Every structure is written in C-alpha cells, then in structure tokens.
A.B. asks: 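One structure follows; several queries about it will come next.
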Protein chains: 2
Amino acid sequence: MKWDELEEEPCSMARTIGVIGDRWTLLILRECFLRTRRFEGFQSALGITRHLLAERLKKLVRQGVLRRIPYQESPKRHEYILTQKGLDLYPIMMALVHWGDTHMVDERGRPLLHEHRKCGKMFDPVMVCSECGEPLSAKEVHVHPGPGARPALAKASLDKKAKPKSRRVTA
Amino acid sequence: MKWDELEEEPCSMARTIGVIGDRWTLLILRECFLRTRRFEGFQSALGITRHLLAERLKKLVRQGVLRRIPYQESPKRHEYILTQKGLDLYPIMMALVHWGDTHMVDERGRPLLHEHRKCGKMFDPVMVCSECGEPLSAKEVHVHPGPGARPALAKASLDKKAKPKSRRVTA
DNA sequence: CAATATAGTTCTAAAATTGAACTGTCAAAT
DNA sequence: ATTTGACAGTTCAATTTTAGAACTATATTG
C-alpha cells in the first residue's frame with residue numbers, strides 16, 4: 001500500500017495515520033508543542049537528517065498542520081507554527097505521553113510533569129465521553145457504520161478465485 | 001537514530017513512539033480493537049505483507065502489548081490478544097480517530113460512529129484534566145521537568161568544536 | 001489423493017532513510 | 001576585504017526497510 005492511499009481509506013484512523021503516523025513526524029510535532037519553530041531548532045533537537053526534516057515539514061505544511069511564515073527578509077527565513085488543525089493534535093500527543101508515563105518509565109520516574117493552568121495542579125489527561133463525562137474504556141464502546149462507511153461488500157460477488165491486487169485496509 | 005534507542009530516551013512520548021509509532025503497527029492495533037485476533041485476519045484486513053505482519057506481531061508480543069495464546073493443538077495455532085498494557089492504548093486510538101473525524105472526513109461524513117454503552121449515546125472522546133475535569137488545550141498546560149528528566153546540560157561544557165555523533169532527541 | 005486453511009519463512013526488487021557534503025544569502029569578526 | 005559563522009535548505013551514494021511473490025509445514029475436507 002502506498003502512503004497516499006491511506007488518506008483515502010474510509011477510516012478516520014487510517015487517514016490520521018496517513019498524515020502523522022510516522023516516527024519522525026510525531027517527534028517533529030512534539031517539538032512544535034514544545035515551541036520549536038525553526039529548521040535548525042528541529043534539526044538539533046531531534047538529530048533528524050536535514051533531508052528528511054525538509055521533506056516532513058513540507059508535508060505537514062501541505063496538509064495544513066503547520067503554517068510556514070516569514071520572520072525576516074534577506075535572507076528570507078521562515079518558521080513553522082501549528083495551525084488550528086495542528087493544535088487539535090494535542091489530545092493525541094497527550095495520550096501518547098500518558099501511555100509512556102504509565103507503561104514505559106524507569107525507576108527514576110517521569111521525564112516531564114504537566115501543570116494545568118486553570119486549576120494549578122499537576123495532572124494526567126483522561127479521556128471521557130462527550131455526552132456523559134464518564135471515562136472511556138474499549139469495552140464500553142460499540143462502533144456503528146456512519147454515513148461515510150464503505151458500503152457493505154456483497155458477499156455473493158466475492159469470487160474466491162479472483163485475486164484482488166490489494167486487500168481492504170478498513171474493517 | 002536507531003529505533004531501539006528511542007525507547008531509552010528520557011521522554012515518554014519518544015518511548016511510546018518506539019513501541020507503536022509506525023504505520024503498520026498502528027493499523028494492526030486498530031484491528032485488535034476491532035476484535036481481530038488471528039494472523040490471517042490481520043493479513044486480509046490490512047493487506048500487509050506476511051513478512052512484516054509476523055515481524056510486527058512478534059515485536060508487540062515482546063513489548064507486552066499483545067499476548068500470544070494457543071487456541072488449538074495440532075497444528076499448533078495461536079491468537080493475539082491485547083494485554084492490559086495494550087488495552088490502555090485505547091485513548092490514543094480514540095484520539096487518532098477523533099482527529100480524523102474532525103479534519104479528514106469527506107462529504108459523506110464519518111466512516112464510524114461510537115456508542116457509549118453506559119449512557120447509550122453516540123459520543124466524541126474529550127480529553128480532560130484529571131484534577132479539575134476541564135477539557136485540555138495546549139495553551140493551558142505548562143510542562144516541568146520531572147524526576148526522570150535528563151539532567152540539564154552544563155552550558156559551559158558544551159564545546160562548539162566538539163562534533164557530537166548524534167544529538168539529543170529530547171527537549 | 002488433491003485441494004483448502006492457517007501461520008508462518010525466505011527471497012529479490014523497490015522504496016525510504018542515513019550520513020555526509022555542498023549551495024546560497026547575509027551579518028559579524030579579523 | 002576577506003574569512004567565519006548562522007540559517008535553511010539540496011544533492012547524492014550507501015544502507016536499511018518494505019513490498020511482492022513464492023515456498024514450507026501441519027492437518028482437515030471432499
């Protein structure tokens with residue numbers, strides 16, 4: 001499967017993965033949330049090759065996750081800042097950090113603590129139901145096909161002998 | 001940077017990315033949450049090459065995200081099911097889906113809807129502060145070094161001439 | 001006995017990533 | 001006036017990963 005195909009899958013998770021689902025992109029986004037804005041900043045913070053960094057930044061701009069804005073003329077220089085679409089990735093970032101905090105810390109404890117400005121306390125992120133406010137767990141959630149679901153495959157038309165070139169990516 | 005180095009970074013996000021931060025692994029995990037358990041099931045649902053699938057499943061088992069359990073003798077067959085550590089990835093999955101639902105849907109709408117058993121309603125996942133229950137956004141959160149933080153680099157010891165083989169990955 | 005199902009392994013070709021050097025503009029230092 | 005350094009990339013060969021296809025192995029079904 002090519003990676004641009006991912007974004008056309010009828011699956012929101014696959015589409016998201018098509019945009020941010022690779023290792024360097026996720027690390028670049030971490031830096032964005034830690035207020036890194038410039039090429040050299042990303043490069044020296046991450047040790048990514050300049051080639052890949054340029055490539056990934058270009059893609060994130062194309063996708064509307066980052067905006068490239070000039071911060072000086074002559075020589076023209078730009079910085080990369082999160083758009084609203086990019087800022088909306090925050091829950092994903094926090095979920096990743098929290099899982100690491102829960103399952104991947106060593107004896108020394110957490111590398112970072114998070115303080116919530118509004119209440120002034122150190123906190124963990126909790127994912128809750130928008131309707132009832134209760135914390136979510138996989139077992140309490142049922143999925144239903146939505147309006148954008150792939151139409152159910154007609155079982156009768158599935159010829160066992162046919163060798164499809166690539167199989168579906170969505171359940 | 002090698003990928004096993006990621007897991008030793010003093011950054012919970014980098015460590016998490018080291019475990020689940022590649023495209024196929026994320027898609028495999030999506031299938032796990034949709035109740036796929038067997039090799040052929042993953043393969044035909046995803047169209048992943050058998051080689052990579054075997055490799056990724058092995059890694060997820062090694063990391064304690066999946067458990068490999070026999071479901072028949074002769075020929076010995078196993079299925080892959082989520083451990084608690086794996087189930088704890090649920091908020092990450094939901095955050096990915098929700099971002100896609102918000103920013104990547106086409107005219108037809110969402111591919112999947114989610115029903116919360118407890119309250120019976122279709123919902124969106126919302127990330128809130130564990131202490132005050134308010135929804136979180138990047139601007140309201142401040143980070144502090146935790147007990148497992150990398151000790152601050154002594155500025156004086158940074159020799160500009162020294163060419164470090166690989167730069168730090170953590171801010 | 002041949003075909004099918006399941007869960008892999010092995011191999012080669014193609015694609016992505018690394019590492020290192022190179023380009024170009026401008027400001028500051030010698 | 002010339003060299004040095006900061007910044008933001010680009011280019012290219014070598015290595016690593018992934019894709020695609022075929023093959024192995026065990027047991028059941030027709």
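Please read these numbers as outputs of a predicted model, since none were measured by experiment.
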A.B. asks: To the nearest 0.5 Å, what is the distance between CZ on A/Arg77 and OH on A/Tyr71?
C.D. replies: 6.0 Å
A.B. asks: Determine, for A/Glu9 against A/Arg150, whether the closest basic-nitrogen to carboxylate-oxygen distance falls under 4.0 angstrom.
C.D. replies: yes
A.B. asks: Given C/dC26, C/dT18, C/dG8, which nucleotide is nearest the side-chain atoms of A/His51?
C.D. replies: C/dT18
A.B. asks: Between D/dT26, D/dA8, C/dG8, spot the one nearest the side chain of B/Pro75, thanks.
C.D. replies: D/dT26
A.B. asks: Between A/Glu140 and B/Lys118, does any NZ, NE, NH1 or NH2 come within less than 4.0 Å of an OD or OE carboxylate oxygen?
C.D. replies: yes
A.B. asks: To the nearest Å, give me how far apart CD (A/Glu55) and P (D/dA8) are.
C.D. replies: 19 Å
A.B. asks: Would you mind reading off the distance between B/Asp22 atom CG and C/dA15 atom P, rounded to a whole angstrom?
C.D. replies: 20 Å
A.B. asks: Could A/Asp101 and B/Arg15 be called an ion pair, given the rule that one side-chain N must be under 4.0 Å from one carboxylate O?
C.D. replies: no
A.B. asks: Nearest heavy atom decides the nucleotide; on that basis, is A/Arg68 or A/Arg23 closer to the 5' end of DNA chain D?
C.D. replies: A/Arg68
A.B. asks: Could you tell me the separation between the OH atom of B/Tyr71 and the P atom of D/dA27, rounded to a whole number of Å?
C.D. replies: 14 Å
A.B. asks: If you check the A/Thr49 side chain, which of D/dG9, C/dT18, C/dA7 turns out closest?
C.D. replies: C/dT18
A.B. asks: Both B/His78 and A/Arg50 contact DNA chain C. Taking the nearest nucleotide for each, which residue is further toward the 5' end?
C.D. replies: B/His78
A.B. asks: Can a donor-acceptor pair under 3.5 Å be found between the side-chain atoms of A/Arg38 and the base atoms of D/dA8?
C.D. replies: no
A.B. asks: Consider the side chain of B/Lys58, meaning its heavy atoms from C-beta on, and name the nucleotide among C/dT9, C/dA7, D/dT10 that approaches it most closely.
C.D. replies: C/dT9
A.B. asks: So does A/Lys59 pair up with A/Asp22, basic N to acidic O under 4.0 Å?
C.D. replies: no
A.B. asks: Taking CG from A/Leu46 and P from C/dT18, how many angstroms apart are they, rounded to a whole number?
C.D. replies: 11 Å
A.B. asks: Separation of B/Glu5 atom CD from D/dT16 atom P, in whole Å?
C.D. replies: 13 Å
A.B. asks: A/Arg56 side chain: which of C/dT9, C/dT17, D/dC7 is closest?
C.D. replies: C/dT17
A.B. asks: Here's a test of your reading of the structure: between A/Glu73 and A/Ile48, which maps to the more 5' nucleotide of DNA chain C?
C.D. replies: A/Ile48
A.B. asks: Expressed in angstrom and rounded to an integer, what is the separation of B/Ile28 atom CD1 from C/dG8 atom C1'?
C.D. replies: 14 Å
A.B. asks: B/Arg77 CZ to C/dG8 P: how many Å, rounded?
C.D. replies: 8 Å
A.B. asks: Heavy atoms from C-beta onward define the side chain here; which of C/dC26, D/dT18, D/dT26 lies closest to that of B/Trp24?
C.D. replies: D/dT18
A.B. asks: Check the distance between D/dC7's P and A/Tyr80's OH and give it to me in whole angstrom.
C.D. replies: 14 Å
